[in-house]
Amino acid sequence: MAAAAATATVRRDGDALVFDGALVREACAALWRPLQPLLAGARRIDLEAVTAIDSAGLALLAEVAARAGIESVTGTPPGLPELRAAYRLDTGLGYGG
């Protein structure tokens with residue numbers, strides 16, 4: 001999985017943060033710095049090109065959603081519904097209780 005993690009990227013497309021690759025522990029630390037200048041004005045998270053996600057990836061996305069005031073998330077990578085349910089996050093990656 002390390003090779004896939006090395007290719008995880010994020011870019012800005014309009015008001016969307018577009019993630020690509022595997023959002024796993026190995027990728028999250030490397031993505032945090034490039035994400036910072038992209039947060040202002042972001043309203044959506046696009047996960048259509050995400051191939052895998054683990055709890056570290058979910059934590060990264062939840063933090064991004066909270067900091068940027070994300071309004072919607074598109075795409076459902078393998079494992080996301082189960083992780084969201086386990087951590088009680090809603091579809092916008094906020095705490096649903």
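Each residue takes its place number in the sequence, starting with 1. Just so you know, these numbers use all the heavy atoms, side chains as well, and skip hydrogens, waters and symmetry mates.
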Quiz item: Please walk me through it: do Val18 and Val10 pass side chain to side chain contact (heavy atoms under 4.5 Å, CB included)?
Solution: CA-CA 5 Å; Val18 181; Val10 63; over 6 Å; no
Quiz prompt | Whether Asp54 side chain and Gly57 backbone form a donor-acceptor pair below 3.5 Å | solution = yes
Let me check something: any side-chain donor-acceptor pairs from residues 69-80 under 3.5 Å, sequence neighbours excluded? List them with distances.
none

Quiz item: Would you call Leu61 and Leu23 a side-chain contact if the rule is heavy atoms closer than 4.5 Å?
Solution: yes
Quiz item: Does some side-chain heavy atom of Phe19 sit less than 4.5 Å from a side-chain heavy atom of Ile45?
Solution: yes
Quiz prompt | Contact check, side chains of Val64 and Leu38, non-hydrogen atoms, under 4.5 Å | solution = no
Quiz item: What is the distance from atom CG of Asp46 to atom CG of Leu17, rounded to the nearest 0.5 Å?
Solution: 9.5 Å
Self-check item: Full working for side chain to side chain contact (heavy atoms under 4.5 Å, CB included) between Trp32 and Leu60
Solution: CA-CA 8 Å; Trp32 187 245; Leu60 174 77; 3.3 Å; yes
Exercise. Looking only at non-hydrogen atoms, find the nearest pair between Ala22 and Ala8 and report the distance.
Key: O-CB, 3.5 Å
Quiz item: How would you list, by chain and number, every residue that makes a salt bridge (Lys or Arg N to Asp or Glu O under 4.0 Å) with Arg12, sequence neighbours excluded?
Solution: none
Practice problem: For Arg67, enumerate each residue passing the side chain to side chain donor-acceptor pair (under 3.5 Å) test, keeping only those at least two apart in sequence or located in another chain. | Solution: Glu63
Quiz item: With Thr91, which residues qualify under side chain to side chain contact (heavy atoms under 4.5 Å, CB included), at least two apart?
Solution: Arg84
Practice problem: Name all pairs fulfilling the side-chain hydrogen bond (donor to acceptor under 3.5 Å, both in side chains) condition that reach into residues 15-25, sequence neighbours left out, sorted by first residue then second. | Solution: Asp15-Arg44
